[in-house]
Structure formats: structure tokens, C-alpha cells
Amino acid sequence: MQFFGGSEISPSPPAPTASGNNAHMLYVFNRNGVCLLYREWNRPLKTLSSQQDHKLMFGLLFSLKSLTAKMDPTSVDKGNLGVPQLPGQGCSFHSFRTNTYKLSFMESPSGIKIILVTHPRTGDLRDSLKYIYNLYVEYVVKNPLYSPGTPIRCELFNKALDQYVRGLG
């Protein structure tokens, strides 16, 4: 079964880009900015409460999406800065890097936003984010006990996610 421009979930997910676990954090937001899932693996320092952290991350995404759409050199209709765009509309960003981390981002057609924060030398993670989205569809969306818009509490999804993310480079 194919969900997001890729192939079925299979025993062979996208190959890690290097050895070791370089993933720090993962966020999953719905289209309304509600954090459905937050996971940490290698976060050396916590400075904010989880609620502040989630608001800050969603605000960063909202601002970056607005900025990239406004600066799109191929679009004549720039719209207003800060006005939300539909998924796939206009110019978008996939990642940015600082000296201490790399943030990789993917938004599904339904507005689910997946953010993975990793080591700054981690390679392109677009295929990995699509694979994580496919895990989300298989284990969460198809789960009859899951209510859309509520925090994700699915042990099988968490186990599959942990196993995959620990292998990312």
C-alpha cells in the first residue's frame, strides 16, 4: 500500500545516511498546531517546558513556511506574510542547519507536520520522513481506537519509530 509518494512500508526502509543514532527529537503536529507526538532520543539540554517547546517549534515552522512562500522567485502572487498556505502550495523548505543541529521537515497533504531534529552533519532525510509518515498511517491512522487530533499513544508505532530512528545517521 502506498501513502506518500513512496513505496509500501517494507522490511527495508530508506538506508541511514551514516552510522549511529544522531536523532535528537521528533515532533508530529496536526494542521491546527496541536502536538500529537513528541519524542526525545539524544537531547542534551532542556531549557523550556514541553508546552513552550511545542509552541516555539510550531511558531518556527509557521514563520519559515510564510517566509519561504514570500521569497518564492517563481510566484507572482506572494500573498501576505503570515497567512497560512495549504500543504504543497507555493515554495516550501525541507531542512535547515545550524552549527549544533539540523531540522528536517515534511508536511503531508492532510496537514500533518513531521519535524526531526538531528546532528548537523546528517544527510538528506526526506525519504526517512516519508517513511515515518507511512509508519504513522499504518499504526496510528488505521488504528480504530485512535481519535484524530488526540495525542498518539500507540505502543506498536512507538516501537517501530524507535527502531527506525535509532538507525538513522
Side-chain angles (χ1 to χ4, degrees), residues 3-6 9 13-14 16-17 21-69 82 84-88 92-143 146-169:
F3 293 104
F4 191 75
I9 293 182
T17 54
N21 180 13
N22 291 322
H24 299 304
M25 301 165 283
L26 176 106
Y27 300 82
V28 177
F29 290 100
N30 69 8
R31 73 178 81 171
N32 300 322
V34 176
C35 187
L36 304 177
L37 179 73
Y38 172 73
R39 299 296 303 265
E40 282 183 7
W41 291 277
N42 294 324
R43 188 173 187 176
L45 180 62
K46 285 188 180 185
T47 56
L48 301 170
S49 72
S50 62
Q51 188 176 12
Q52 290 173 321
D53 187 47
H54 300 163
K55 284 182 182 179
L56 187 63
M57 181 58 70
F58 190 79
L60 173 68
L61 287 175
F62 183 84
S63 299
L64 283 173
K65 282 184 61 178
S66 295
L67 179 68
T68 55
Q85 291 192 314
L86 298 173
S92 184
F93 75 98
H94 303 288
S95 66
F96 71 85
R97 184 183 326 258
T98 71
N99 62 332
T100 58
Y101 68 91
K102 177 181 180 182
L103 184 143
S104 299
F105 168 75
M106 186 205 83
E107 184 171 11
S108 76
S110 62
I112 296 295
K113 296 162 185 62
I114 299 175
I115 301 99
L116 185 60
V117 180
T118 59
H119 188 276
R121 288 190 221 139
T122 305
D124 184 11
L125 293 174
R126 282 183 265 186
D127 288 338
S128 297
L129 290 172
K130 288 177 185 176
Y131 183 79
I132 291 170
Y133 177 74
N134 285 335
L135 288 176
Y136 165 78
V137 169
E138 282 295 317
Y139 291 109
V140 179
V141 174
K142 290 183 176 182
N143 183 346
Y146 178 70
S147 298
T150 60
I152 298 169
R153 289 174 178 44
C154 176
E155 193 59 40
L156 289 174
F157 173 71
N158 289 335
K159 187 182 284 189
L161 180 66
D162 279 342
Q163 183 179 7
Y164 180 69
V165 169
R166 289 190 192 285
L168 286 177

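Separating the CD1 atom in I114 from the OG atom in S104 is a distance of 11.5 Å, to the nearest 0.5 Å. Interatomic distance, NZ of K102 versus NE2 of H119, reported as 12.0 Å (0.5 Å rounding). In this structure, the separation between NZ on K65 and CG on L60 is 12.5 Å, given to the nearest 0.5 Å. One finds the CD1 atom of I112 at 9.0 Å from the CE atom of M106 (value rounded to the nearest 0.5 Å). The distance from the CG atom of L129 to the OG atom of S108 is 11.5 Å, given to the nearest 0.5 Å. Between the CD atom of Q163 and the NZ atom of K159 there is a distance of 9.0 Å, given to the nearest 0.5 Å.
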Give the table of side-chain donor-acceptor pairs shorter than 3.5 Å for residues 25-37, with sequence neighbours excluded, one pair per line with atom names and distance.
residue: Y27; atom: OH; partner: D53; partner atom: OD1; Å: 3.3
residue: Y27; atom: OH; partner: D53; partner atom: OD2; Å: 2.6
residue: N30; atom: OD1; partner: N32; partner atom: N; Å: 2.9
residue: N30; atom: OD1; partner: G33; partner atom: N; Å: 3.1
residue: N30; atom: OD1; partner: V34; partner atom: N; Å: 2.9
residue: R31; atom: NE; partner: S110; partner atom: O; Å: 3.3
residue: R31; atom: NH2; partner: S110; partner atom: O; Å: 3.1

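Under a 3.5 Å cut-off, the side chain of K113 and the backbone N or O of G111 do form a donor-acceptor pair.
Between N158 and R39, the shortest heavy-atom distance links the atoms OD1-NH1, 3.1 Å. Between L64 and F96, the shortest heavy-atom contact is CD1-CE2, 3.5 Å. The shortest heavy-atom contact between N143 and C154 is ND2-SG, 4.2 Å. The nearest pair of heavy atoms linking A23 to V165 is CB-CG1, 3.2 Å.
Ring-plane geometry between Y139 and F157 is classed as tilted, the angle between the planes lying from 30 to 60 degrees on a 0 to 90 degree scale.
With ring centers used as reference points, H24 lies 6.0 Å or more from Y101.
Crowding of E40 atom CD: a count of heavy atoms from other residues, nucleotides or ligands under 6.0 Å exceeding 12.
Looking at R97 and S95, their side chains never come closer than 4.5 Å, going by heavy atoms from C-beta outward. Side-chain contact between L116 and S128: absent, with no pair of heavy atoms (C-beta onward) separated by less than 4.5 Å. Using a 4.5 Å heavy-atom cutoff, the side chains of M57 and Y38 are not in contact.
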Inset, instruction - For D162 and W41, run side chain to side chain contact (heavy atoms under 4.5 Å, CB included): C-alpha distance rounded to whole Å, both residues' side-chain angles, the deciding distance at 0.1 Å, then the answer. - result: CA-CA 9 Å; D162 279 342; W41 291 277; 2.9 Å; yes

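Looking only at atom types and distance, the side chain of N22 has no donor-acceptor partner in the side chain of R121 under 3.5 Å away.
Every residue was checked against the ring pair (Phe, Tyr, Trp, His ring centres under 6.0 Å) condition with Y146, not counting sequence neighbours, and none meets it.
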